[in-house]
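Since the structure comes first, as structure tokens, the remarks are kept for the end.
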Amino acid sequence: MSLPNNISFHPSTFLLIGIPGMEAIHTWISMPFCLIYLTALLGNFSILFIIRTDSNLHEPMYFFLCMLSVADLILSTTAMPKILSIFWFHDREIYFEACLVQVFLIHSLCSMASGFILAMAFDRYVAICNPLRHSIILTYRVIQNLGLAIVFRGVVLFCPQPFMLWWLPYCRTNVIPHTYCEFMALIKLSCAETRICRTYSLTAAFLTGGLDFLLILCSYVVILYTVFHLPSKAARLKTLGTCGSHVCVILVAYTPAFFSFLTHRFGHNVAPHIHIFVANIYILVPPMVNPMIYGIRTKRIRERFLQVLTSHKF
């Protein structure tokens with residue numbers, strides 16, 4: 001039965017179908033997904049514990065790393081349990097209200113993670129370009145205010161999303177070809193005019209990930225300019241080495257993010273299962289890889305981790 005055009009309608013539940021075209025191997029896909037999630041939990045909790053208990057690591061870079069770890073933990077936990085329930089138990093239903101909450105949390109937390117990576121870039125910029133004033137500029141109060149500003153930005157920019165989705169009518173279908181609730185995936189299910197929602201989505205994406213990435217690029221241009229004017233090759237290599245971990249985090253975070261963003265809006269010829277798979281990588285892989293990068297490349301974190309393991313062993 002069709003509904004009058006002036007009546008708003010949304011279903012009580014949506015159906016998440018997982019990765020389209022790969023339903024037959026969902027159980028096999030769930031194994032690496034579960035391993036990635038458990039590794040992310042272990043790695044990020046380890047980072048938080050090590051930095052919390054080692055006063056030598058109470059520095060701006062590691063405080064921002066803790067903030068990133070918290071955002072990664074909440075982000076992966078927001079999506080992963082439901083994804084595994086789809087793969088293992090075919091539990092595809094999700095309440096409309098829960099779907100809206102998931103949309104808000106995923107997008108706001110991705111914005112916060114991007115902001116914390118930008119804050120880490122600012123730390124590297126100050127440490128390399130103005131080392132004598134590093135401790136004066138990045139005080140505990142400044143670090144706290146930066147963290148709160150990043151969280152505030154994520155909440156304010158993405159809190160309109162649930163209300164926009166609530167007001168839209170969904171009279172086509174309640175089936176979402178995805179593993180989790182995502183803003184543009186829900187927009188495509190609506191039978192109303194969604195130009196304003198799409199414009200808002202592009203604007204919010206630019207004001208978070210896009211603007212953050214541009215500022216990170218600018219900071220590294222200045223960093224490279226400063227590094228290549230150092231007097232000796234050894235000094236240049238040592239200084240660049242302090243940025244290695246952060247550069248790896250940037251690549252891991254932004255490469256799948258930009259691919260997912262572009263294919264969702266412009267990649268009409270990209271197979272749906274490829275897009276959904278990359279969208280899952282964007283949500284799951286950075287929270288797993290970030291602790292590994294800093295754990296392997298940062299000597300103090302690595303030594304502290306081995307010390308904790310050894311003390312528990314004996």
Side-chain angles (χ1 to χ4, degrees), residues 1-3 8-38 40 75-110 158 161-162 164-192 194 197-198 201 205 256-257 259-288:
M1 184 176 72
S2 61
L3 294 171
S8 277
F9 168 76
H10 56 74
S12 59
T13 60
F14 282 116
L15 294 178
L16 295 164
I17 65 172
I19 302 178
M22 304 181 73
E23 291 87 351
I25 58 172
H26 273 176
T27 303
W28 295 101
I29 297 174
S30 69
M31 296 178 185
F33 273 42
C34 182
L35 182 61
I36 288 171
Y37 178 53
L38 293 176
L75 175 61
S76 56
T77 303
T78 298
M80 200 63 229
K82 184 60 183 177
I83 294 173
L84 291 177
S85 72
I86 295 170
F87 289 167
W88 287 343
F89 310 115
H90 306 289
D91 179 22
R92 295 186 171 92
E93 281 194 345
I94 182 170
Y95 287 109
F96 181 78
E97 294 80 5
C99 190
L100 299 190
V101 171
Q102 192 180 57
V103 167
F104 168 72
L105 286 175
I106 287 175
H107 287 83
S108 61
L109 286 164
C110 287
F158 291 99
Q161 283 188 340
M164 286 182 170
L165 295 172
W166 180 277
W167 291 328
L168 287 176
Y170 301 91
C171 44
R172 291 175 181 165
T173 180
N174 69 333
V175 177
I176 304 174
H178 214 303
T179 52
Y180 56 85
C181 293
E182 198 267 343
F183 185 73
M184 288 304 298
L186 288 174
I187 288 294
K188 292 177 181 179
L189 299 183
S190 174
C191 50
T194 58
C197 295
R198 293 173 185 269
S201 177
F259 183 85
S260 179
F261 174 80
L262 293 173
T263 54
H264 223 321
R265 288 157 179 79
F266 311 111
H268 303 296
N269 297 323
V270 177
H273 67 275
I274 294 177
H275 164 68
I276 303 303
F277 200 79
V278 172
N280 281 275
I281 290 175
Y282 169 48
I283 292 291
L284 299 175
V285 172
M288 176 192 72

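We count residues from 1, following the sequence as given.
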- [ ] Look up atom OG in Ser190 and atom NE2 in His10, then write down how far apart they are to the nearest 0.5 Å.
- [x] 12.0 Å
Open item on the list: Check the orientation of His178 and His275. Use parallel for under 30°, tilted for 30 to 60°, and perpendicular for over 60°.
Closed with: perpendicular
TODO: Rounded to the nearest 0.5 Å, what's the gap from SG on Cys34 to CD1 on Ile83? Could you check?
DONE: 11.5 Å
Task: Short side-chain donor-acceptor distance under 3.5 Å, Tyr180 and Thr78 - done: no
Task: Worked check of side-chain contact (heavy atoms from CB on, under 4.5 Å) between Ile187 and Leu165 - done: CA-CA 7 Å; Ile187 288 294; Leu165 295 172; 4.0 Å; yes
TODO: Might you confirm whether atom CD of Glu93 has over 12 heavy atoms from other residues, nucleotides or ligands at distances under 6.0 Å?
DONE: no
Open item on the list: I want to check something: taking the side chain as every heavy atom from C-beta on, are Ile19 and His26 in contact at a cut-off of under 4.5 Å?
Closed with: yes
Open item on the list: Just so I know, are the side chains of Ile281 and Phe259 near enough to count as touching, which here means a heavy-atom distance under 4.5 Å?
Closed with: no
TODO: Compare every heavy atom of Met184 with every heavy atom of Ser201, then report the nearest pair and how far apart it is.
DONE: OG-SD, 3.8 Å
TODO: Taking all non-hydrogen atoms of both residues into account, name the closest pair between Pro81 and Ser76 and its distance.
DONE: CD-O, 4.0 Å
Task: Donor-acceptor pair, side chain of Ser108 and main chain of Phe104, under 3.5 angstrom - done: yes
Task: Heavy-atom side-chain contact between Tyr170 and Pro11 under 4.5 Å - done: yes
Open item on the list: Any non-hydrogen side-chain atom of Pro256 less than 4.5 Å from a side-chain atom of Val285?
Closed with: no
TODO: Test side-chain contact (heavy atoms from CB on, under 4.5 Å) on Trp166 and Glu97 and set out the steps.
DONE: CA-CA 9 Å; Trp166 180 277; Glu97 294 80 5; 4.0 Å; yes
Open item on the list: Rounded to the nearest 0.5 Å, what separates atom CD1 in Ile94 from atom CD1 in Ile86?
Closed with: 8.0 Å
TODO: For residues Ile283 and Ala79, report the shortest heavy-atom separation together with the two atoms involved.
DONE: CG2-CB, 3.9 Å
Task: Atom pair CD/CZ of Glu23 and Phe87 - distance to nearest 0.5 Å - done: 9.5 Å
Open item on the list: For the CD1 atom of Ile274 and the CE atom of Met22, what is their distance to the nearest 0.5 Å?
Closed with: 9.5 Å
- [ ] Go through the steps to decide whether Ile106 and Phe183 satisfy the test side-chain contact (heavy atoms from CB on, under 4.5 Å), and finish with yes or no.
- [x] CA-CA 10 Å; Ile106 287 175; Phe183 185 73; over 6 Å; no
Task: From CA spacing to verdict: side-chain contact (heavy atoms from CB on, under 4.5 Å), Ile176, Cys181 - done: CA-CA 8 Å; Ile176 304 174; Cys181 293; 4.2 Å; yes
TODO: Could you tell me whether the side chain of Thr173 reaches within less than 4.5 Å of the side chain of Leu189, counting heavy atoms only?
DONE: yes
TODO: Would you please classify the geometry between the Phe14 ring and the Phe96 ring as parallel, tilted or perpendicular, with 30° and 60° separating the classes?
DONE: tilted
- [ ] Indicate yes or no: at least one non-hydrogen side-chain atom of Gln102 is less than 4.5 angstrom from one of Glu182.
- [x] no
Task: Side chain proximity check, Phe158 to Val103, heavy atoms < 4.5 angstrom - done: no
Open item on the list: If I take atom OG from residue Ser85 and atom NZ from residue Lys82, how far apart are they, to the nearest 0.5 angstrom?
Closed with: 4.0 Å
Task: Pro272 vs Pro177 side-chain heavy atoms within contact, under 4.5 Å - done: no
- [ ] Give me the one residue out of Thr179, Leu75, Ile36 that meets side chain to side chain contact (heavy atoms under 4.5 Å, CB included) with Leu284.
- [x] Ile36
